[in-house]
Amino acid sequence: MTISRRKFITNIGAATLAAQLSSNAFAIAAKRTGLKEYYADDFKIGAAIGGQILNGNAELEALLVREFNSISPENCLKWESLRTADGGWKWSDADKYVDLGMRNKMYIVGHCLAWHSQVPNSVFKNASGDYVSAEELKKKMTDHITTVVGRYKGKIQAWDVVNEAIGDETGNPMRKSHYFNILGEQFIDHAFYVAHETDPAAHLMYNDYGTERTGKREACIALLKRMKERGVPVNGVGIQAHLHVDEPGVEELEKSIVDFASLGLRVHFTEFDMDVLPNIWKIPVADISTRFEYKPERDPFKDGLPKDMEEKLALRWESIFKIFIKHRDKIERVTTWGISDDGSWLNNFPIRGRTNYALLFDRKHQPHEAYNKLLALRK
Ligand code: XIL
């Protein structure tokens with residue numbers, strides 16, 4: 001069979017192109033060293049970092065840089081970490097945090113500008129124990145927010161502006177925090193306006209826990225609608241997603257993604273982790289003041305995670321990430337609250353001193369089975 005010169009040339013071209021393509025595919029696969037590359041076309045993969053890394057841990061930092069392309073500050077940008085008793089500033093850890101993100105070209109998140117926890121009472125009350133005036137609190141907020149957001153303008157790309165303003169009582173009314181008691185809901189608007197004026201390019205979020213569940217989800221949607229009606233510059237919503245291995249169901253998470261996105265907001269999973277220990281309180285808990293007593297039966301895996309639990313955990317992470325992938329167009333980022341189990345706050349919350357397995361890497365910084373499942377979803 002003879003082959004025309006033109007066809008011959010075309011065939012050669014196609015073969016070369018195919019060879020080039022497969023070498024590109026090979027190059028891409030070879031570059032896919034961590035989760036962040038596997039999910040590069042879906043959403044950012046983040047981790048919260050705390051003292052473990054900020055105090056200097058090269059091995060853990062290498063793991064962070066290999067796997068994640070976004071960071072969140074576990075504590076160093078909270079009011080009580082940043083401010084001295086007389087209202088001065090302590091920048092050392094926050095600067096280290098931002099430098100780390102800049103060096104590694106990461107999407108750097110700020111957390112958080114107005115929250116009822118980890119902020120001293122002296123912000124809200126004067127020496128005689130009375131509330132400060134609305135004007136005085138607004139002024140303190142303006143001063144705090146312009147200074148922090150201004151210092152990291154153009155570096156911190158997204159801010160949890162207000163954290164956890166919705167309560168957990170029946171009907172999920174607004175939380176009766178000091179902020180709310182003094183200013184009403186306008187404390188939220190004020191925080192957003194000041195953050196936006198200080199860094200107009202920053203992506204501004206409202207962040208809360210339990211909003212992956214019916215009840216608090218609807219209260220959050222109602223709040224976001226009110227904010228939007230008032231013209232508040234909110235760009236995204238943070239679903240903390242402190243989940244349990246047994247609940248809530250993935251359909252609950254899916255509903256939150258769809259409903260929040262329908263408000264025209266980007267969806268961020270901001271504090272994702274998975275509690276595997278007995279949930280004796282049977283309610284979603286994440287208010288950091290909640291405490292329960294230690295009992296050995298509440299700490300069943302202190303000598304290691306049984307094989308069947310490791311598998312159950314892996315399937316749970318996989319089923320949730322399948323939903324995330326399905327809604328990748330709505331999701332900006334999935335951030336785990338820590339890197340490895342040894343650093344997870346869930347070893348101490350809501351009971352101190354337990355052994356939890358909440359993250360993708362274990363106490364030796366090796367991947368859990370869940371990690372392999374997440375890679376396999378994108379292979
Ligand atoms: C937690 C930190 O992980 C702990 O180290 C600290 O002791 C308490 O706060 N919701 C939030 C986070 O928004 O800031 C909290 O972080 C976890 C719950």
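In each ligand, atom 1 is the first atom listed, and ligand 1 is the first ligand listed.
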Check each of E164, H242, H111 against atom 14 (O) of ligand 1 and report the one with the nearest heavy atom.
-> H111
Nearest-neighbour protein heavy atom for [atom], which is reported as residue plus atom name and distance:
atom: atom 15 (C) of ligand 1; answer: K78 NZ, 3.9 Å
atom: atom 8 (C) of ligand 1; answer: Q118 OE1, 3.5 Å
atom: atom 10 (N) of ligand 1; answer: E271 OE1, 3.0 Å
atom: atom 5 (O) of ligand 1; answer: N75 ND2, 2.9 Å

[X] ring center near [Y] ring center (under 6.0 Å):
X: F361; Y: Y371; result: yes
X: F272; Y: W317; result: yes
X: H203; Y: W159; result: no
X: F43; Y: F269; result: no
X: W345; Y: H242; result: yes

For ligand 1, which atoms sit closer than 4.0 Å to a heavy atom of E74?
-> 2 (C), 3 (O), 4 (C), 5 (O)
Interfacing atoms of ligand 1 (cut-off 4.0 Å, heavy-atom, W115) = 14 (O)
Between Y206 and C220, which heavy-atom pair has the shortest distance, and what is it?
-> CE2-SG, 3.8 Å
For ligand 1, the portion of N163 having any non-hydrogen atom under 4.0 Å away = side chain
Do Y357 and N347 have side-chain N/O donor and acceptor atoms under 3.5 Å apart?
-> no
contact_flag Y209 ligand 1 heavy-atom lt 4.0 Å = no
Quick one: does F349 get within less than 4.0 Å of ligand 1, heavy atoms only?
-> no
